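Working notes for the structure below.
Note that the structure is a prediction, hence the values are computed from the model and not measured. Whatever order the structure lists ligands and atoms in, that order sets their numbers, starting from 1.
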Amino acid sequence: MDFELKPLSLAQATTAQTDALVLAWPDHLPDTLPDNVSGPWAQGAEGLLAWLQPLLKSGELEAGVGKQLVALACPAVAARRLVVVRVGDGSAAAVRKGLVVAFSGLKQPHVKKAVVYLGLPGVTEGAARAAMLAVADATYQFTTTLSKPKPRSLHKVIVAMPGSERVEQLVAEGRALVSGMELAKEWANRPANHATPTLLAEAAEKLGKHPRVKVDVLGPKEVGKLGMGAFMAVAQGSVEPLRFIVIRYNGGVKGQAPVVLVGKGITFDTGGISIKPAAEMDEMKFDMGGAASVLGTMHAIAMLQPHINVVALIPSCENMPDGRAVKPGDVVTSMSGQTIEILNTDAEGRLILCDALTYAERLNPSSVVDVATLTGACVVALGSVRTGLFSPDDALASKLSSAGEQSQDLCWRMPLDDEYAEGLKSNFADMGNVAGRMGGAVTAAKFLQKFAGNLSWAHLDIAGTAWKSGAAKGSTGRPVPLLLQYVLNEAALQAAPASVAVDKPKRRRS
Ligand code: BES
Ligand code: MN
Ligand code: ZN
């Protein structure tokens, strides 16, 4: 979808030849409207306001974010349809909510172009990016495996807002974010037979066409040479060969410690020999949601070209039951040298991630963030609102929390007390891969922590946030917004004056 920023006045917006004009209407406006009609923002739009006033007075536009008034062929605007939608206090979050409703109602074949007017008093700058996300989200359409695909008809959106450098930056970020999220959704939504580790790696290779991006894909032989015994154990039950995908974005100074993003890329999780129940097993095609979000984030980074080094690591394979599959009780040696008793083959995510974390150490990273649909327990704990955030590093945890707030892609910090690792003890290996039912999201994180060594490391459990179930089943594209925001914030920090940067240690661990 094509987004364009134009600093239109309300008067200009009313004359725009477009299929739909959407006015983001902040709450305080209806009451003050009669007095403000002559305000500068209203100049030239008196016709529209006069048309609106009686409707507002009679309560046609109900209270509440997302409530809307829709008019066809309104004489006061050139657009074929006018939507006035409430956006509460005009904050990014409220604008996003309101516009998702408005644009869900505009999913019609003849709505190809739209103008979103964000210039009314009270609408904040952050609304620019939020509006783009809302429009993209509300009109997203998966088409890859449909015989008669109905692609989204909306292809041109003008974001009408008073221009400033900041708003231009937000719109550029919005464009990249939308592309990144749509790439993440595409790959997460694909059924497993259309998103094998091989196909996922090919998608990653395509990022190599962007400047400063280099992609390496390792297969079973190379991964064997690296000694990734835990990763290989998960992959051995499938006829699909594993892939270890390395994407490097070199936007920073050569040799500068990179941010490393690690994404769980289980393209289908049957549970293996510890097989899952049949109900909703199809949703385990989303078990590469971490990988998809890391891919999407790298795409957005490649579009924005920030001054920072970022490396993405994606271990990808299927988790299948088979004659050759790993069995409960099998002991494997991870790349770190630590041995693992695989007590439950369905706790496979941590097995592929632990070797990726060991690999990350060789990159001398400034920070490592892994992203994974890791545990059902995290869904129980946090539902679909917030991603689980685990990190022993207070500074990194607080950066990720604020990146989540800034991008409206929320997470919540969870504990990592050592007592949670008790259950991982094994009589036959350095550790087991599961620790009983209680606190499952935390014990999974404790397992990963054993492989994070001295890294400044954080783990995001996106099992509850990466996709929606039920009628709206599909990928959410999360946590691309959080990850992109974190990387952009890090880039800004690195660009800060040397006097500030010098006393910032590169590696930290609490
Ligand atoms: N991919 C699943 C986690 C998952 C389950 C995500 C349900 C979203 C919804 C993961 O590989 C898994 O199976 N985890 C097990 C761990 C258990 C065996 C310790 C789980 O959560 O049940
Ligand atoms: Mn599993
Ligand atoms: Zn899994």
Taking the Zn ion (ligand 3) as the centre, how many protein N/O/S atoms fall inside a distance shorter than 2.8 Å?
4
Is E186 salt-bridged to R190, going by a charged N under 4.0 Å from an acidic O?
yes
Give me the ring orientation class for F447 and F451: parallel if the planes are under 30° apart, tilted from 30 to 60°, perpendicular past 60°.
tilted
Mind running side-chain contact (heavy atoms from CB on, under 4.5 Å) on Q494 and H307 for me, showing each step along the way?
CA-CA 8 Å; Q494 292 187 4; H307 297 301; over 6 Å; no
Under 3.5 Å, side chain of D355 to main-chain N/O of A230, donor-acceptor pair present?
yes
Hey, mind stepping through K399 and L493 against side-chain contact (heavy atoms from CB on, under 4.5 Å) and telling me if it holds?
CA-CA 11 Å; K399 282 176 174 181; L493 277 180; 3.9 Å; yes
Run the salt-bridge test on K473 and D282 with the 4.0 Å N-O cut-off and return the result as yes or no.
yes
Distance below 2.8 Å from the Mn ion (ligand 2): protein N/O/S atoms:
D269 OD2, D346 O, D346 OD1, E348 OE1
Solution key, residues 285-301 side-chain donor-acceptor pairs under 3.5 Å, sequence neighbours excluded:
residue	atom	partner	partner atom	Å
K285	NZ	N189	O	2.7
D287	OD1	K264	NZ	3.1
D287	OD1	T373	OG1	2.4
D287	OD2	K264	NZ	3.2
S293	OG	G289	O	3.4
S293	OG	G290	O	2.8
T297	OG1	S293	O	2.7

Apply the side chain to side chain donor-acceptor pair (under 3.5 Å) test between T465 and each candidate in T476, D409, T387; give the one that qualifies.
T387
Amino acids contacting ligand 1, non-hydrogen cut-off under 4.0 Å
K264, D269, K276, M284, D287, N344, D346, E348, R350, T373, L374, T375, G376, V434, A463, W467
Hey, is NE2 on H155 packed in by over 12 heavy atoms from elsewhere, all under 6.0 Å?
yes
Using a strict 4.0 Å threshold on nitrogen-to-oxygen distance, state whether E182 and R175 make a salt bridge.
no
Should we say atom NZ of K107 is surrounded by more than 12 heavy atoms from elsewhere, each under 6.0 Å from it?
yes
Determine, stepwise, if the pair V135 / M132 fulfils side-chain contact (heavy atoms from CB on, under 4.5 Å).
CA-CA 5 Å; V135 173; M132 295 164 74; 5.9 Å; no
Let me know which of E240, E348, M284 forms a side chain to side chain contact (heavy atoms under 4.5 Å, CB included) with E318.
E240
